[in-house]
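Notes follow once the structure below has been shown.
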Number of protein chains: 2
Amino acid sequence: MHKEHTLTKNQQIIFDLIDKSSEPLKAYSILFNVQKKGIKAPLQVYRALDKLVEIGKIHKIESRNAFIACHNSSCQVAKATAFSICEICEKVTEISSAGLSKYLANFKDKDGMKYSKYNLEFFGLCKKCR
Amino acid sequence: MHKEHTLTKNQQIIFDLIDKSSEPLKAYSILFNVQKKGIKAPLQVYRALDKLVEIGKIHKIESRNAFIACHNSSCQVAKATAFSICEICEKVTEISSAGLSKYLANFKDKDGMKYSKYNLEFFGLCKKCR
DNA sequence: TAACACTGTGTAATAATATAACATTAATAT
DNA sequence: ATATTAATGTTATATTATTACACAGTGTTA
Ligand SMILES: [Zn+2]
Ligand SMILES: [Zn+2]
Ligand SMILES: [Zn+2]
Ligand SMILES: [Zn+2]
């Protein structure tokens, strides 16, 4: 469960937009869509995005420079994320697998180092596109 | 072992630069460094980078928008990559673990889907920065 | 109270990253 | 030879992200 954060006005507007989107949204597409709500500048968007990522309400899909809402209630560590990305339709799904997260959290590199933060992006074809 | 590709002039210049760098290089830093060799425009750099990524000679570190040479001779599938990234000094190391790549290649999502392409970035502190 | 720290906001300007469009040249295949 | 593909050179532009500065709200604390 996510720690409860009271979102500010800008954060709430931008989170709502991302949360109800069926696909990852890019920063300037978000900007375009919230201009009618008074958010006029890129920085206002990026500041809200930064905060939302920090508190785990959204995640950034690094390979796409886009953002999706976290729908994974067990995503306790906001910084340990895994996604599947369809290379045709660009559908992105957050992977919620206890086995995977356990494996990665326990993975040790050759220096014996463990990592609690990671981002994993799988690429392939989604059900519809196969 | 990588399939042998004969690099073109621009590709070779840019690969050499990345290969001898101790840290990931960004596209415009590459551009700056190869201008004396006649590569003048961003597009010339991006085209070479795209090709080098495609043939597995280099990898893109997505979270950093930077490129490193592949030093992993067992990196047969150029598109299945794992890295550790130091959050202080930004040192990046390609992880070469048979166990990890086997686990990820065999991972099935809840639809039973397997993925042969993935990119995994671990974040933490390197030996020196711990 | 007043001073302070902290967080968020608004705005303008600019930096950094990446691609489109078009003309040309080199390499490869039949 | 000719067709095809891949790479190049160049200009312009699109996309993504940050710097800098002024200010407002909130809570702490001296
Ligand atoms: Zn999540
Ligand atoms: Zn799809
Ligand atoms: Zn590699
Ligand atoms: Zn370090």
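Chain A is the first sequence line, chain B the second, and so forth, proteins listed ahead of strands; every chain is numbered from 1.
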Taking atom types as modelled and ignoring hydrogens, do the side chains of E94(A) and H71(A) form a donor-acceptor contact shorter than 3.5 angstrom?
no
Separation of atom CD in Q44(B) from atom P in dA12(D), rounded to whole Å:
15 Å
Between V53(A) and I39(A), is there shared hydrophobic-cluster membership here, with clusters defined by ILVMFWY side-chain heavy atoms closer than 4.5 Å?
yes
Contacts of A41(B) and Q11(B) projected onto DNA chain D by closest heavy atom; the upstream (5') one is Q11(B)
Reading DNA chain C in the 5' to 3' direction, which nucleotide is the first one with an atom under 4.0 Å from a heavy atom of chain A, and which is the last?
dG8(C) to dA12(C)
Would you kindly give the NZ-to-P distance between K37(B) and dG9(D), to the nearest whole Å?
14 Å
Is there side-chain contact between I68(B) and E23(B), with at least one heavy-atom pair below 4.5 Å?
no
With heavy-atom distances below 4.5 Å as the criterion, would you say the side chains of R130(A) and M113(B) are in contact?
yes
Are F123(A) and L125(A) connected into the same hydrophobic cluster when the rule is that any two of I, L, V, M, F, W, Y join if their side-chain heavy atoms are below 4.5 Å apart?
no
Rounded to the nearest Å, what distance is computed from the CG atom of residue L52(B) to the P atom of nucleotide dA7(D)?
10 Å
Less than 3.5 Å apart, any donor N or O on the side chain of E121(A) or N119(A) sitting next to an acceptor on the other?
yes
F67(B) and L49(B), any side-chain heavy atoms less than 4.5 Å apart:
yes
Please confirm whether the shortest side-chain N or O distance from T8(B) to OP1 or OP2 of dT8(D) is below 4.0 Å.
yes
Thinking salt bridges, do R64(B) and E90(B) make one under a 4.0 Å N-O criterion?
yes
Taking a hydrophobic cluster as the set of Ile, Leu, Val, Met, Phe, Trp and Tyr residues connected by side-chain heavy atoms closer than 4.5 Å, whether directly or through intermediates, do I14(B) and Y28(B) fall within one such cluster?
yes
All N/O pairs under 3.5 Å across the protein-nucleotides 13-20 of chain D interface:
{"residue": "dT16(D)", "atom": "OP1", "partner": "K26(A)", "partner atom": "NZ", "Å": "2.3"}
{"residue": "dA17(D)", "atom": "OP1", "partner": "K60(A)", "partner atom": "NZ", "Å": "2.7"}
{"residue": "dA17(D)", "atom": "OP1", "partner": "N65(A)", "partner atom": "OD1", "Å": "3.4"}
{"residue": "dA17(D)", "atom": "OP2", "partner": "Y46(A)", "partner atom": "OH", "Å": "3.1"}
{"residue": "dA17(D)", "atom": "N7", "partner": "Y28(A)", "partner atom": "OH", "Å": "2.8"}
{"residue": "dA17(D)", "atom": "N6", "partner": "Y28(A)", "partner atom": "OH", "Å": "3.0"}

Could you tell me how the ring of F122(B) sits relative to the ring of F107(A): parallel (under 30°), tilted (30 to 60°) or perpendicular (over 60°)?
parallel
Inter-axis angle, terminal five-pair segments of the helix from dT1(C)-dA30(D) to dT30(C)-dA1(D) [nearest 10°]:
30°
Taking the inter-plane angle between the rings of Y103(B) and Y103(A) on a 0 to 90° scale, is it parallel (under 30°), tilted (30 to 60°) or perpendicular (over 60°)?
parallel
Between atom CD1 in I55(B) and atom C1' in dA7(D), what is the gap in whole Å?
13 Å
